[in-house]
Q: 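Just dropping this structure here.
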Amino acid sequence: ATAIAFAVALAGILAGDLNLIAPILAMFFLTSYGFLNISAGIEALIGSPSWRPQFKVKWWISMLGAAVCFTFMLMINAGATLIAASVSGLVFYLTQRRQMRAYWGDTRHGLLTLLARFAIYRLAASKPEERTWRPNILVMSGSPTSRWYLIELADALTQGRGFLTVASVVPGGSAAAARVAEVERTIADYLRKRSVPSLVEVHVADDVFAGADSLIQSSGIGPLFPNTILLGETERPENVAPFAGLLIRAHSLQRNLLVVREAEAEPDATGERRIDVWWGRERKNAGLMLALGFLLQQSRDWQRASLTLKSIVPSEDEREGALRQLTRLVQHGRLSAEVEVLVQNDADTFDLITRSSADADLVLLGMRPPAADEPETEYAGYYAELLDKTDGLPATALVLAAENIDFITIFQ
């Protein structure tokens with residue numbers, strides 16, 4: 001600001017108009033003084049170890065001095081104040097664009113840390129509220145290039161409002177530390193190029209499932225932990241049992257689960273997309289699936305998608321009652337959704353689901369929760385059978401609600 005002030009003064013002298021440059025010159029010097037007070041106040045407030053001035057002033061005194069300085073600037077000459085502010089802002093913008101190297105510290109990181117600390121402590125002391133629930137998603141994607149559809153779905157669900165963490169497990173070894181840093185940097189750069197705001201976590205483990213288990217238990221800080229785990233379906237039969245064990249442990253930790261199967265064919269981007277939510281007997285699953293479907297409709301990629309709430313009843317006598325119940329839920333929840341109730345009669349449940357959702361772009365289908373002390377092999381058998389029965393569906397997310405939340409409350 002001092003250099004700019006001298007440049008303005010020299011220009012005014014050459015032009016022979018001292019009355020013009022005097023107020024602008026004063027504004028630049030006052031600007032320097034005001035921002036110096038702001039910097040000192042922020043540094044004192046943050047309390048960084050590098051801030052060791054010989055003459056110490058309370059942070060609020062520095063901030064008060066900056067406020068008085070800028071107030072006087074407006075009182076002296078509002079027009080000159082706006083000019084000084086505009087020129088200072090332009091200099092800052094050009095400096096950022098040119099990525100000039102600075103030889104002094106940046107207080108923004110310390111200030112953000114202070115704000116994060118305040119917010120996390122307040123969140124930890126407050127009770128979670130169902131109506132403000134959002135998914136904080138941990139995506140077990142491995143390499144983003146191989147399973148990008150998982151990150152794409154998670155990004156659509158969080159919409160830049162919830163937390164998204166992309167996680168990967170790398171094998172152990174002597175070069176594990178260097179490998180972790182390299183993988184983190186590669187994933188972060190790839191996400192940045194795709195404009196996906198996300199944290200990146202990479203764990204070292206000799207076994208992929210042990211590493212994934214460790215990620216689920218250790219990710220997050222305080223109340224800001226992933227409440228929803230998003231995984232791709234198991235591709236190898238020999239991995240079904242350890243994968244089912246991972247689902248059981250995640251459920252015991254009260255983490256919601258989404259197991260996603262990619263569509264065999266690329267969806268038609270020109271037509272209207274459709275999300276089918278299959279409403280079953282598991283109330284928690286149904287509420288979570290409805291919340292996820294609604295959140296997808298609010299995202300940029302799915303904002304024109306239709307949402308259809310579907311259910312199956314054993315006989316025609318129960319159809320009208322189920323239809324009224326679901327229609328009432330949609331109306332009271334102010335949802336943009338259609339309702340469809342199918343009669344099973346003697347048909348197979350999954351055959352009905354496959355035929356009804358053949359043209360959907362995404363199917364949300366509930367999984368049963370593991371029973372108490374259920375053996376891993378038994379739940380693995382159920383999971384393998386579920387994968388087999390849903391093989392003919394388009395892109396599918398198998399949903400298992402585990403949080404101690406009544407998701408239906410969101411729509412009441």
Side-chain angles (χ1 to χ4, degrees), residues 128 133 135-142 147 150-151 153-154 157-158 162-172 176 180 199-261 282-285 287-289 291-292 364-388 390 396-407:
W133 178 88
N136 297 328
I137 301 179
L138 176 67
V139 185
M140 302 286 192
S141 64
R147 287 190 165 186
L150 296 178
I151 300 174
L153 179 62
L157 287 169
T158 55
F163 284 91
L164 172 60
T165 304
V166 176
S168 182
V169 178
V170 298
V180 166
L199 303 173
V200 177
E201 280 201 45
V202 178
H203 274 213
V204 179
D206 294 327
D207 178 73
V208 174
F209 294 100
D213 195 355
S214 174
L215 275 166
I216 293 173
Q217 294 189 56
S218 62
S219 294
I221 175 171
L224 298 178
F225 62 89
N227 57 23
T228 303
I229 314 299
L230 198 153
L231 312 98
E233 68 164 328
T234 318
E235 295 177 348
R236 297 180 181 178
E238 62 270 21
N239 290 336
V240 170
F243 188 86
L246 181 66
L247 299 183
I248 293 173
R249 287 188 293 276
H251 182 267
S252 67
L253 293 170
Q254 296 188 346
R255 305 293 197 268
N256 307 314
L257 288 161
L258 273 74
V259 181
V260 181
R261 171 186 286 154
E282 181 62 43
R283 177 183 171 93
K284 289 182 68 175
N285 280 352
L288 176 58
M289 289 190 294
L292 295 175
L364 298 177
L365 193 63
M367 289 193 296
R368 75 163 176 84
D373 300 324
E374 181 174 4
E376 185 177 293
T377 53
E378 185 176 330
Y379 196 72
Y382 160 75
Y383 171 71
E385 183 182 6
L386 185 60
L387 286 182
D388 183 61
T390 57
T396 305
L398 302 176
V399 180
L400 177 57
E403 277 188 279
N404 189 23
I405 288 178
D406 186 4
F407 293 97

Q: Just wondering, do L246 and L231 contact through their side chains at under 4.5 Å, heavy atoms?
A: yes
Q: At their closest point, which heavy atom of L150 faces which heavy atom of V139, and how far apart are they?
A: CB-CG1, 3.9 Å
Q: Report the residue from L288, N256, T228 that forms a side chain to side chain contact (heavy atoms under 4.5 Å, CB included) with P135.
A: T228
Q: Mind listing the closest non-hydrogen atom pair of A244 and A380 along with its distance?
A: CB-CA, 3.5 Å
Q: List the steps and the verdict of side-chain contact (heavy atoms from CB on, under 4.5 Å) for N404 and Q254.
A: CA-CA 7 Å; N404 189 23; Q254 296 188 346; 4.2 Å; yes
Q: Using side-chain contact (heavy atoms from CB on, under 4.5 Å), reason through N239 and V208 one step at a time and then give a plain yes or no.
A: CA-CA 10 Å; N239 290 336; V208 174; over 6 Å; no
Q: Taking the side chain as every heavy atom from C-beta outward, state whether V259 and L247 have any pair of such atoms under 4.5 Å apart.
A: yes
Q: Inspect the surroundings of CZ in F163 and state if more than 12 heavy atoms from other residues, nucleotides or ligands are less than 6.0 Å away.
A: no
Q: Would the distance check show the side chain of Y382 and the main-chain N or O of R368 forming a donor-acceptor pair, the cut-off being under 3.5 Å?
A: yes
Q: Atom OH in Y383, atom CD in E376: separation rounded to 0.5 Å?
A: 13.0 Å
Q: Please report the shortest heavy-atom distance between S219 and F225, naming the atom on each side.
A: O-CB, 3.8 Å
Q: H251 and P369: which non-hydrogen atoms are nearest, and at how many Å?
A: NE2-CB, 3.6 Å
Q: Taking all atoms of both residues into account, what is the closest heavy-atom pair of L398 and L387, and its distance?
A: CD1-CD2, 4.1 Å
Q: Return the minimal non-hydrogen interatomic distance between R255 and I216, and the atom names on each side.
A: NH2-O, 3.6 Å
Q: Measure from the side-chain N and O atoms of N227 to the backbone N and O of N136, and report whether any donor-acceptor pair falls under 3.5 Å.
A: yes
Q: Kindly compute the distance separating CE (M140) from CG (L215), expressed to the nearest 0.5 Å.
A: 5.0 Å
Q: So, taking the atom named CG in L138 and the one named CG in L199, what distance separates them when rounded to the nearest 0.5 Å?
A: 10.0 Å
Q: So, taking the atom named CD1 in I248 and the one named CG in D373, what distance separates them when rounded to the nearest 0.5 Å?
A: 10.5 Å
Q: Roughly how far, to the nearest 0.5 Å, is the OG atom of S218 from the CD atom of E201?
A: 6.0 Å
Q: Looking at CG of L365 and CE of M289, how far apart are the two atoms once the value is rounded to the nearest 0.5 Å?
A: 6.5 Å
